[in-house]
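So the structure is just underneath, and the comments pick up after that.
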Amino acid sequence: MKITIIGGGSTYTPELVSGFLERLDVLPLRELWLMDIDAERLAIVGGFVQRMVEARGRPFRVILSTHQREAIGGASYVCTQLRVGQMQARREDEYLGWRHGLIGQETTGVGGMAKALRTIPVLLNIAKDMRETAPGALLINFTNPAGLIVEALSRYAPDVPAVGVCNVPITTKMRFLEWLKESTGQAIAPERAELKTLGLNHLSWHYGLTVDGKDVWPQVLAMAIRQAKQQAHPDWEPRFLESTRMIPNYYLQYYYYTEEKLREQRQWPPSRAEQVMRIEAELLRQYADPALVDLPVGLMQRGGAYYSTVATQLITAHYNDLGETHIVNIPHGGAVKSWDARWVLEMPARVSRHGITPLPADPLPPFAFGLLAAVKSYEILTARAAAEGDLEAAYQALLVHPLGPGLRKVQAVLEDMLATNWPYLPQF
Ligand code: G6P
Ligand code: MN
Ligand code: MN
């Protein structure tokens, strides 16, 4: 079996590879292709990965490639974790928001939109290579904005099976289990628990947790409320938790506490991209050390920790037809009655060899639905702008976004976004 990683030169890649190495008994991986257009970085990260695999008896081959089509040909799974324009482009996304007094963030708001416009054409091209050289392979997308990109793939490359993933659901589940452990003294293996969550990627609401099928949400919620009441600056006001009985994805802070988030970003530099550039430089320095064969601790300073667990569990469940439940981004296909069946949602789905099937879920209550519908409208318009080069769609996407600049400034922000990213926007 062949697995391909597009963006294989990412500093995250060694974590993913260690995930594969831990699952050799259930995943008969023969060839792992790491593809990246940055040959220098690929050589450093790929070199370290080859040493990691070598140190464990070389159970599979690791092939480094700068040719996308060759890397994809014959693959069973293609994981995308690329960053068009690299970290410098993320920095530009953050400062695009900053310049205009808006949230400046990798996935949320104008930064996420700019990233989507750069990235979607590249992903559609990957889907094309998959269609032609790896028919039936599953595309597993980590590239942000992860949900919006799958929204575009499902509309503009519907014949290529694709799913989007994020580490927030798994880290959230682990955090809730940690709380339960603190109160009961008993550790609960993550496989025994299922998190109930619904929404969009980085715009979801957690509303349930079961352990061995038993509902433990009242306990989790009570602990969240108790903690919130003890803290001077809780993530979420206790009143909110009591009223909604839901716990939001932490990215919702950009919507619910916009003013505070703007105040924080007035302290830049360093923005998050600028911090990550430093972390990455240090990681690359360590990866280049021929003596290094184990993951450096610095990797856990990145927000994407545990993404390898998400990816490898998903691939294992799919390959072995396990019928497990995993939280993914996928068109819900009517699983949430009364919502447009084409919408890509982040939600639990049954994973088997024949496909990934979203599990039926009740629609979110009105307090959450309003925001979700507005952001979904923004996503659909952004997907159209990115895939078709439709400038009016881009203009209207900015107009509908709840964090948007407001009509007076939409055109100015759009012009800045396009000018700043011009080398990466062939569709316009
Ligand atoms: C979380 C999100 C990812 C995001 C990451 C940022 O894990 O789920 O989608 O990319 O944080 O982490 P970073 O270290 O790059 O700021
Ligand atoms: Mn994410
Ligand atoms: Mn089956």
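The figures that follow rest on heavy atoms only: side chains count, while hydrogens, waters and symmetry mates do not. This chain uses plain numbering: 1 for the first residue, then up along the sequence. When a ligand or atom number is given, it counts from 1 through the structure's own listing order.
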Take atom CD of Glu182 as the centre, draw a 6.0 Å sphere, and report whether it contains more than 12 heavy atoms from other residues, nucleotides or ligands.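 Yes, the 6.0 Å shell around CD holds more than 12 heavy atoms from other groups.
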Heavy-atom neighbours of Ile37 CD1 exceed 12 at 6.0 Å: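 No, not enclosed.
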Counting only heavy atoms, which portion of [X] has something under 4.0 Å from ligand 1: side chain, backbone, both, or neither?
{"X": "Asn144", "value": "side chain"}
{"X": "Arg90", "value": "side chain"}
{"X": "Arg302", "value": "both"}

Quick one: which ligand 1 atoms are inside 4.0 Å of a heavy atom on [X]?
{"X": "Val168", "value": "8 (O)"}
{"X": "Arg272", "value": "13 (P), 14 (O), 16 (O)"}
{"X": "Cys166", "value": "8 (O)"}
{"X": "Glu106", "value": "4 (C), 6 (C), 10 (O)"}
{"X": "Tyr12", "value": "12 (O), 14 (O), 15 (O)"}
{"X": "Tyr250", "value": "1 (C)"}
{"X": "Asn167", "value": "1 (C), 2 (C), 7 (O), 8 (O)"}

Does any donor atom in the side chain of Tyr257 or Glu264 lie under 3.5 Å from an acceptor atom in the other side chain?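 Judged by distance alone, the side chains do not pair up.
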Pairing donors with acceptors under 3.5 angstrom, does anything connect the side chains of Thr316 and Glu324?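 Checked: Thr316/Glu324 side chains show no N/O donor-acceptor pair below 3.5 Å.
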Would the [X] and [Y] ring centres measure less than 6.0 Å apart?
{"X": "Phe176", "Y": "Trp217", "answer": "yes"}
{"X": "Tyr12", "Y": "Phe142", "answer": "no"}
{"X": "His202", "Y": "Tyr254", "answer": "no"}

Check side chain to side chain donor-acceptor pair (under 3.5 Å) between Thr119 and all other residues, then give those that pass, not counting sequence neighbours.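 Partners of Thr119 under the side chain to side chain donor-acceptor pair (under 3.5 Å) test: none.
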Any pair counted as side chain to side chain donor-acceptor pair (under 3.5 Å), so long as it reaches residues 145-154, sequence neighbours left out: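 Those involving residues 145-154 are Glu151-Arg155, Glu151-Lys376.
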Less than 3.5 Å apart, which donor and acceptor atoms pair up between the side chains of residues 120-130 and the rest of the protein, not counting sequence neighbours?
{"unit_1": "Asn125", "atom_1": "OD1", "unit_2": "Gln68", "atom_2": "NE2", "d": "3.0"}
{"unit_1": "Asp129", "atom_1": "OD1", "unit_2": "Arg69", "atom_2": "NH1", "d": "2.7"}
{"unit_1": "Asp129", "atom_1": "OD2", "unit_2": "Gln68", "atom_2": "NE2", "d": "3.0"}

Considering only protein heavy atoms, which is closest to atom 7 (O) of ligand 1, and at what distance to one decimal place?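 For atom 7 (O) of ligand 1, the nearest protein heavy atom comes out as Gly303 O, 2.5 Å.
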If only protein N, O or S atoms under 2.8 Å count, total around the Mn ion (ligand 2):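 N, O or S atoms of the protein closer than 2.8 Å: 2.
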Option nearest atom 2 (C) of ligand 1 (shortest heavy-atom distance, choices Tyr307, Tyr251, Phe142, Tyr306):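 Looking at heavy atoms only, Tyr251 sits closest to atom 2 (C) of ligand 1.
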Parallel, tilted or perpendicular: which fits the ring planes of Trp339 and Trp343, with parallel below 30° and perpendicular above 60°?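 Answer is tilted, since the angle falls between 30° and 60°.
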Is the Tyr287 ring parallel, tilted or perpendicular to the Phe48 ring (thresholds 30°, 60°)?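 Judged by the thresholds at 30° and 60°, the geometry between Tyr287 and Phe48 is parallel.
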